[in-house]
Peer 1: 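Have a look at the structure that comes next, please.
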Number of protein chains: 2
Amino acid sequence: MSTDHGELTPTSYAILGLLALRPWTTYELAKQMDRALGYFWPRARSKLYEEPKKLVAHGYARATSESTGRRPRTMYSITAKGRRALAQWVPMPGSGPVLEFEQLIRVFFAEHGSKADLLRSLDEVRRWAEDRGEASVGIPEAYLAGTGAFPERLPWLILTGKFLHDFEQMIDRWAEWAIDTVESWPDDLASAEPDWQTLREMAAAERTLADRAAARRAEGD
Amino acid sequence: MSTDHGELTPTSYAILGLLALRPWTTYELAKQMDRALGYFWPRARSKLYEEPKKLVAHGYARATSESTGRRPRTMYSITAKGRRALAQWVPMPGSGPVLEFEQLIRVFFAEHGSKADLLRSLDEVRRWAEDRGEASVGIPEAYLAGTGAFPERLPWLILTGKFLHDFEQMIDRWAEWAIDTVESWPDDLASAEPDWQTLREMAAAERTLADRAAARRAEGD
DNA sequence: GTTGACATAGTCCCTCCCGGACTATACAAC
DNA sequence: GTTGTATAGTCCGGGAGGGACTATGTCAAC
């Protein structure tokens with residue numbers, strides 16, 4: 001069916017999903033990714049400009065040339081075939097969460113810096129959470145005020161929104177806890193005392209999760 | 001100083017940090033990444049085999065040829081110059097957490113599947129958390145038993161460990177909540193009622209974070 | 001004492017993807 | 001009329017993914 005070799009990736013379907021909402025220019029798509037999808041499926045701009053072309057090549061989208069003044073622009077819209085492909089993709093199993101966290105590498109190797117360095121790294125993390133909060137505070141408020149985009153999708157937008165919210169809160173609370181913990185340490189990291197209490201709590205909680213997984217398997221699942 | 005073009009990435013310093021603990025063969029390094037660093041800095045095996053060579057080219061590591069029987073292997077160890085470079089890198093600012101979560105795309109576009117499809121996606125997420133719990137349950141227990149690796153690093157290993165733990169718990173709780181929420185919906189997703197209560201709670205919590213960010217900025221930070 | 005499974009120790013290569021530099025027009029403000 | 005910002009993209013080098021491939025070592029089972 002498709003003559004080109006490039007197969008569709010989750011990024012393709014993410015774009016296709018947006019096209020199912022309404023037609024967009026690539027520029028608008030890129031902006032839209034910044035507002036929502038980009039928080040859990042971040043992709044480079046250059047990719048976002050390529051994907052719609054791939055969708056067109058597969059017959060999943062249609063490109064129409066429009067213009068603002070004498071300046072051309074390309075509007076993309078989904079086809080019936082594209083909707084069918086999307087409906088097939090959505091229910092399929094997907095990959096679990098993948099995390100990249102450079103600042104945590106610097107915490108992991110804290111012994112190569114001072115206590116003050118470590119506290120600075122942790123404070124950076126807390127700021128990240130605060131900045132995130134600032135960036136996203138308007139969105140739930142807009143829906144409460146009835147001005148949010150695509151309100152008919154709100155029930156499941158709240159599901160994904162709460163995930164991002166919980167993620168952000170978790171980071172913030174972790175950073176606060178870590179700062180408190182490190183502040184109680186002596187200046188010489190090498191003589192810091194491990195937080196045994198936290199370690200015991202983690203062991204217990206992991207055990208609970210692991211037991212649930214084992215029980216699930218035992219139930220012949 | 002360096003004649004080759006490839007500059008050092010966080011991946012390079014992650015490996016360099018491991019070399020600072022003790023010498024390893026590349027194979028051991030790859031295994032070690034699976035055990036800890038890989039959870040917040042996942043990298044392909046092929047990359048892990050290239051990085052030590054780059055470190056040697058920069059004078060940050062030294063390669064020595066050993067053998068097991070007649071089978072050769074390369075042991076890498078850090079140099080004094082490498083330790084200095086690492087000590088410079090660790091305290092520098094790093095990037096905040098970046099998340100990729102394909103399953104959440106499928107939740108985001110839930111309108112293209114059924115309620116049952118959505119529940120299946122969410123259950124997958126819960127299983128992911130359970131499997132993670134199963135995989136990591138032994139680590140805190142080992143340290144409690146006094147058999148964990150590099151016990152002198154335990155204080156900050158607990159910091160990073162708790163982060164991963166909190167991440168996992170957050171995912172698990174979110175999935176449970178989402179499943180409960182969706183189960184209360186009618187079979188036709190289009191007539192589901194938004195969870196206004198959760199939306200209000202999110203708005204309030206984000207506001208708190210955002211205010212803290214604003215206050216921080218006002219304090220001339 | 002041989003077979004097979006699994007761990008060790010890598011190499012190779014094609015493709016995906018990043019991300020920053022670059023170009024250019026439209027429009028509004030000063 | 002210039003300056004700034006939003007719109008609408010293209011280009012490209014290098015990082016990174018990930019699977020296929022090769023080969024030896026070790027240990028337990030048969």
Side-chain angles (χ1 to χ4, degrees), chain A residues 2 4-15 23-35 37-38 40-57 63-76 95-96 98-102 105, chain B residues 2-16 18 23-35 37-38 40-58 61 63-76 95-96 98-100 102 105:
Chain A
S2 71
D4 79 325
H5 41 281
E7 272 328 286
L8 294 186
T9 64
T11 308
S12 320
Y13 289 100
I15 300 287
W24 316 72
T25 66
T26 330
Y27 185 80
E28 288 171 324
L29 280 172
K31 255 199 332 182
Q32 186 58 25
M33 289 291 282
D34 287 345
R35 297 224 341 259
L37 264 169
F40 50 93
W41 199 254
R43 283 303 173 263
R45 270 244 210 339
S46 53
K47 218 28 22 204
L48 304 183
Y49 275 93
E50 285 167 28
E51 285 301 338
K53 300 178 183 172
K54 225 202 283 185
L55 293 176
V56 170
T64 43
S65 292
E66 309 195 348
S67 60
T68 316
R70 84 187 32 163
R71 178 185 179 180
R73 61 180 186 169
T74 311
M75 186 73 78
Y76 290 94
S95 313
V98 173
L99 183 75
E100 279 191 13
F101 196 175
E102 187 193 327
I105 306 178
Chain B
S2 70
T3 70
D4 78 326
H5 39 279
E7 271 329 285
L8 294 186
T9 66
T11 307
S12 319
Y13 287 101
I15 301 287
L16 192 57
L18 290 178
W24 314 74
T25 67
T26 331
Y27 184 80
E28 289 172 323
L29 279 172
K31 254 198 333 181
Q32 185 58 26
M33 289 291 281
D34 286 344
R35 298 223 341 258
L37 263 170
F40 50 93
W41 199 253
R43 284 303 174 263
R45 269 189 141 50
S46 52
K47 210 61 346 222
L48 303 182
Y49 275 92
E50 287 168 27
E51 284 301 338
K53 298 178 183 170
K54 223 202 287 184
L55 292 175
V56 170
H58 278 77
T64 43
S65 294
E66 309 196 348
S67 59
T68 316
R70 83 187 34 164
R71 177 182 180 184
R73 61 179 184 169
T74 311
M75 186 72 79
Y76 290 94
S95 312
V98 173
L99 183 75
E100 277 190 17
E102 188 193 328
I105 307 178

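These numbers were taken from a predicted model, which means no experiment stands behind them. Letters A, B, ... mirror the listed sequences (proteins, then strands); counts begin at 1.
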Peer 1: Using the side chain to side chain contact (heavy atoms under 4.5 Å, CB included) criterion, which residues pair with B:Pro72? Sequence neighbours excluded.
Peer 2: none
Peer 1: Indicate whether OP1 or OP2 belonging to D:dG15 is found under 4.0 Å from a side-chain N or O atom of B:Thr11.
Peer 2: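 Indeed not, no polar side-chain atom of B:Thr11 lies that close.
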Peer 1: Could you tell me which residues satisfy side chain to side chain contact (heavy atoms under 4.5 Å, CB included) with B:Arg73, sequence neighbours excluded, listed by chain and number?
Peer 2: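 Partners of B:Arg73 by the side chain to side chain contact (heavy atoms under 4.5 Å, CB included) criterion, ordered by chain and then number, come out as B:Thr25, B:Glu66, B:Thr68, B:Met75.
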Peer 1: Assign a letter to each nucleotide of nucleotides 17-26 of chain D from its 5' end: B, base within under 4.0 Å of a protein heavy atom; S, sugar-phosphate only; -, no contact.
Peer 2: BBB---BBSS
Peer 1: Going by the rule side-chain hydrogen bond (donor to acceptor under 3.5 Å, both in side chains), which residues pair with A:Glu100 if we only count those two or more places apart in sequence or in a different chain?
Peer 2: B:Arg43
Peer 1: Within this structure, what is the CD-to-P distance between A:Glu7 and C:dT15, rounded to whole angstrom?
Peer 2: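 It works out to 13 Å between those atoms.
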Peer 1: Output the rounded distance in Å from CH2 (A:Trp41) to C1' (C:dC16).
Peer 2: 12 Å
Peer 1: Can you give me the closest heavy-atom contact between B:Pro52 and B:Thr26, atom names plus distance?
Peer 2: CG-CG2, 4.1 Å
Peer 1: Of the candidate nucleotides C:dA9, D:dA16, D:dT10, which contains the atom at the shortest distance from the side chain of A:Lys53?
Peer 2: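 Of C:dA9, D:dA16, D:dT10, D:dT10 is nearest to the side chain of A:Lys53.
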Peer 1: If you check every side-chain atom of B:Tyr49, which of C:dG10, D:dA6, D:dA16 has the closest atom?
Peer 2: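 Among C:dG10, D:dA6, D:dA16, the one nearest the side chain of B:Tyr49 is C:dG10.
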Peer 1: Figure out the CD/C1' separation between A:Glu28 and D:dG9, and round it to whole Å.
Peer 2: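 A:Glu28 atom CD is separated from D:dG9 atom C1' by 13 Å.
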Peer 1: Counting only side-chain N and O atoms of A:Lys54, is one of them less than 4.0 Å from OP1 or OP2 of C:dT15?
Peer 2: no
Peer 1: Give the rounded distance in Å between these two atoms: CD of B:Glu51 and C1' of D:dG14.
Peer 2: 12 Å
Peer 1: Would you kindly give the CE-to-P distance between A:Met75 and D:dA8, to the nearest whole Å?
Peer 2: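 From A:Met75 CE to D:dA8 P: 8 Å.
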Peer 1: Is the phosphate of D:dA8 approached by A:Thr25 (side-chain N or O, under 4.0 Å from OP1 or OP2)?
Peer 2: yes
Peer 1: Starting at atom CG of A:Leu29, determine the distance to atom P of D:dA6, rounded to an integer number of angstrom.
Peer 2: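 Result: 19 Å.
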Peer 1: For B:Thr9, enumerate each residue passing the side chain to side chain contact (heavy atoms under 4.5 Å, CB included) test, keeping only those at least two apart in sequence or located in another chain.
Peer 2: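 B:Thr11, B:Ser12, B:Glu51, B:Lys54.
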Peer 1: Measure from CG on A:Asp34 to P on D:dA6 and round the result to the nearest Å.
Peer 2: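 Value for this atom pair: 13 Å.
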Peer 1: Using only atom types and a distance under 3.5 Å, with no angle test, would you say the side chain of B:Trp24 pairs donor to acceptor with the backbone of B:Leu18?
Peer 2: yes
Peer 1: Please state how far atom CD in A:Glu102 lies from atom P in D:dA16, giving the value in whole angstrom units.
Peer 2: 11 Å
Peer 1: What residues, two or more places apart in sequence or in another chain, satisfy side chain to side chain contact (heavy atoms under 4.5 Å, CB included) together with A:Thr74?
Peer 2: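 If we apply the side chain to side chain contact (heavy atoms under 4.5 Å, CB included) test to A:Thr74, skipping adjacent residues, the hits are A:Ala63, A:Tyr76.
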